[in-house]
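To keep things clear, I will list the structure first and then write my remarks on it.
Note that the numbering runs from 1 along the sequence shown for the chain. Note: hydrogens, waters and symmetry copies are ignored here, and every other heavy atom, side chains too, is used.
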Amino acid sequence: MIEKKERNSNIELYRIIVMLLIVMHHYVVNSGLLDEMFKTPLAPESIFLYLFGMWGKTGIDCFVLITGYFMCKSSISLYKFVKLLLQVELYNILFGCIFLYTGYMPLSVSSVIHIINPIASVNTDFTSCFLLFYLFIPFLNILLNNLSKSQHLLLLVLSLGIYTILGTIPWVGVTFNYITWFCVLYVVASYVRIYGIWRSEDKKFWGGVSLVLILISVLSVFVMLYWRVRSGGRLDWIMLMFFVSDSNKLLAFLVSISTFMFIKNIHIRQSKWINTIASCTFGVLLIHANSGAMRQWLWKDTCDNVGFFHSSMIYVHALCIPIIVFIACTIIDFCRQRFLERLYLDLVVKYIQTSKLYITCHNRLKNYE
């Protein structure tokens with residue numbers, strides 16, 4: 001039997017906001033809008049879209065911090081991992097078949113492998129790296145629970161020093177993949193959970209810090225935009241968003257940790273609605289960012305983001321479409337949980353548990369304990 005624990009609605013509301021920010025980011029960067037924005041970089045609609053879509057990588061940090069904060073005091077079971085894996089596979093196969101049928105994806109061996117294989121890339125593909133990162137959690141917990149407070153802090157400082165401080169210095173090259181970075185975030189989140197940090201319970205302090213850091217992040221975009229236009233340099237998204245351009249960048253990390261500290265200290269009444277919607281957020285990601293074919297169909301053909309860029313309705317379009325996409329994907333994932341997951345999850349887990357390979361591995365691991 002799987003014991004279901006009631007989730008904190010403040011953190012679940014944060015999860016919803018974070019995923020909406022990621023959808024907003026994809027609205028801008030996956031739709032062809034960047035090419036149009038860079039043609040008129042100082043136009044009001046371009047500036048609006050820079051700020052509108054700049055929070056995607058910060059959102060990834062927030063999402064993983066939530067995982068680390070709770071999982072460092074929990075454990076990964078076969079049930080949890082299989083549930084996650086089957087959710088990924090279900091959407092891959094479902095939308096892969098739809099896009100093959102409609103011609104958005106060519107029928108080829110590579111397309112079929114892409115649909116079946118849950119690990120697309122061990123680099124910056126969030127879903128693939130999150131799945132593999134999940135398998136590291138039991139080992140991370142053993143490590144972190146056997147470190148002293150000072151050792152844990154030194155590991156945290158060393159990790160952030162390498163991946164965030166050095167990673168934000170333009171002339172220092174730091175190569176990383178999301179699995180490594182998620183482990184670093186796990187070290188940070190677990191330290192917050194186990195020991196706390198300075199003024200951990202002061203929501204006013206962390207609210208103020210969050211506001212200041214968000215304003216600095218916005219200012220950094222204006223500074224980089226002004227510098228590139230003034231110098232006549234080539235415009236690109238990574239340069240303009242440099243300090244939040246990837247999850248390990250300094251401002252992306254600082255905004256994520258400060259907003260997390262703020263939200264975790266806000267106590268709101270438990271809400272079944274919030275918790276239910278939040279349980280679908282990973283499904284929202286899996287659906288709307290499923291593949292290149294999905295990006296083509298959703299943002300370019302159906303929503304026609306580029307077409308609306310040249311319209312006075314761009315602001316309304318940008319504000320409404322991500323919300324509509326979020327709601328539609330939430331409904332789809334809720335239906336999956338409500339009507340499909342119950343049919344296949346228990347059967348698959350029981351099948352795995354009775355397999356000879358699982359029994360052998362499980363017995364060997366028990367012998368090492």
Quick one: does any side-chain atom of [X] pair with a main-chain N or O of [Y] as donor and acceptor, under 3.5 Å?
X: S9; Y: S271; value: yes
X: S74; Y: M71; value: no
X: W206; Y: R199; value: yes
X: D125; Y: S128; value: yes
X: S46; Y: T40; value: yes
X: T164; Y: N248; value: yes

Heavy-atom distance under 4.5 Å between the side chains of [X] and [Y], does that happen here?
X: N141; Y: S75; value: no
X: C303; Y: L298; value: yes
X: M54; Y: M24; value: no
X: I115; Y: F95; value: no
X: I165; Y: L250; value: yes
X: N145; Y: I194; value: yes
X: D246; Y: Y178; value: yes
X: F182; Y: L132; value: no

Please name all residues satisfying salt bridge (charged side-chain N to carboxylate O under 4.0 Å, His left out) with [X], sequence neighbours left out, ordered by chain then number.
X: D346; answer: none
X: D333; answer: R336
X: R234; answer: D236
X: K203; answer: none

[X]-[Y] co-clustered via ILVMFWY side chain contacts under 4.5 Å:
X: I169; Y: M241; answer: yes
X: V223; Y: L235; answer: no
X: L107; Y: M294; answer: yes
X: F139; Y: L156; answer: no
X: L215; Y: L225; answer: no

Test ring pair (Phe, Tyr, Trp, His ring centres under 6.0 Å) applied to Y163 - qualifying residues, sequence neighbours left out: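 Once residues adjacent in sequence are excluded, Y163 has no partner under the ring pair (Phe, Tyr, Trp, His ring centres under 6.0 Å) criterion.
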Test ring pair (Phe, Tyr, Trp, His ring centres under 6.0 Å) applied to Y134 - qualifying residues, sequence neighbours left out: F130
Straight-line distance of [X] [atom1] to [Y] [atom2], nearest 0.5 Å:
X: L340; Y: L86; atom1: CG; atom2: CG; value: 11.5 Å
X: K264; Y: I11; atom1: NZ; atom2: CD1; value: 8.0 Å
X: I17; Y: M19; atom1: CD1; atom2: CE; value: 12.5 Å
X: F309; Y: I314; atom1: CZ; atom2: CD1; value: 7.0 Å
X: I323; Y: L20; atom1: CD1; atom2: CG; value: 6.0 Å
X: C97; Y: N92; atom1: SG; atom2: CG; value: 10.5 Å

Selection residues 313-345 - residue pairs positive for ring-ring contact (aromatic ring centres under 6.0 Å, His included), sequence neighbours left out: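 For residues 313-345, and leaving out neighbouring residues, the ring-ring contact (aromatic ring centres under 6.0 Å, His included) pairs sorted by first residue read Y27-H317, F48-Y315, F308-H317.
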Test log, rule side-chain contact (heavy atoms from CB on, under 4.5 Å), inputs R15 and F63: CA-CA 7 Å; R15 198 190 301 268; F63 201 86; 3.9 Å; yes
Which heavy atom in [X] sits nearest to a heavy atom in [Y], and how many Å separate them?
X: N265; Y: N10; answer: N-ND2, 4.4 Å
X: S220; Y: F243; answer: CB-CD1, 3.9 Å
X: G59; Y: V18; answer: O-CG1, 3.0 Å
X: L147; Y: Y195; answer: O-OH, 3.6 Å

Contacts of type side chain to side chain contact (heavy atoms under 4.5 Å, CB included), residue S31, not counting sequence neighbours: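 With sequence neighbours excluded, S31 shows a side chain to side chain contact (heavy atoms under 4.5 Å, CB included) to L33, W299, N305, given in chain and number order.
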side-chain contact (heavy atoms from CB on, under 4.5 Å) assessment of C72 paired with Y186: CA-CA 8 Å; C72 71; Y186 197 89; 3.9 Å; yes
Other residues, nucleotides, ligands: >12 heavy atoms within 6.0 Å of L42 CG: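 Yes, the 6.0 Å shell around CG holds more than 12 heavy atoms from other groups.
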Within 6.0 Å of NZ in K80, more than 12 heavy atoms from elsewhere: yes
For Y226, all residues meeting side-chain hydrogen bond (donor to acceptor under 3.5 Å, both in side chains), sequence neighbours excluded: R230
Could you tabulate the donor-acceptor pairs under 3.5 Å formed by side-chain atoms of residues 253-263, not counting sequence neighbours?
{"residue": "S256", "atom": "OG", "partner": "A252", "partner atom": "O", "Å": "3.3"}
{"residue": "S256", "atom": "OG", "partner": "F253", "partner atom": "O", "Å": "2.6"}
{"residue": "S258", "atom": "OG", "partner": "S210", "partner atom": "OG", "Å": "3.3"}
{"residue": "S258", "atom": "OG", "partner": "L254", "partner atom": "O", "Å": "2.9"}
{"residue": "S258", "atom": "OG", "partner": "V255", "partner atom": "O", "Å": "3.1"}
{"residue": "T259", "atom": "OG1", "partner": "Y14", "partner atom": "OH", "Å": "2.8"}
{"residue": "T259", "atom": "OG1", "partner": "V255", "partner atom": "O", "Å": "2.7"}
{"residue": "T259", "atom": "OG1", "partner": "S256", "partner atom": "O", "Å": "3.1"}

Ring geometry between Y50 and W237 (parallel below 30°, tilted from 30 to 60°, perpendicular above 60°): tilted
Chi angles and distances behind the side-chain contact (heavy atoms from CB on, under 4.5 Å) call for I47, F222: CA-CA 9 Å; I47 293 173; F222 282 112; 3.6 Å; yes
Pair N177-T180, side-chain hydrogen bond (donor to acceptor under 3.5 Å, both in side chains): steps then yes or no: CA-CA 6 Å; N177 62 56; T180 309; 3.3 Å; yes
H152 and S190: side chain donor to acceptor below 3.5 Å: yes
Candidate pair V82 and Y351, rule side-chain contact (heavy atoms from CB on, under 4.5 Å), full reasoning: CA-CA 11 Å; V82 171; Y351 175 78; over 6 Å; no
Under 3.5 Å, sequence neighbours excluded: what are the donor-acceptor pairs made by side chains of residues 281-288?
{"residue": "T281", "atom": "OG1", "partner": "A278", "partner atom": "O", "Å": "2.7"}
{"residue": "H288", "atom": "ND1", "partner": "V284", "partner atom": "O", "Å": "2.8"}
{"residue": "H288", "atom": "NE2", "partner": "H26", "partner atom": "ND1", "Å": "2.7"}

Donor-acceptor pairs under 3.5 angstrom involving side-chain atoms of residues 98-106: please list them, not counting sequence neighbours.
{"residue": "T102", "atom": "OG1", "partner": "I98", "partner atom": "O", "Å": "2.9"}
{"residue": "T102", "atom": "OG1", "partner": "F99", "partner atom": "O", "Å": "3.4"}
{"residue": "Y104", "atom": "OH", "partner": "D301", "partner atom": "OD2", "Å": "2.8"}

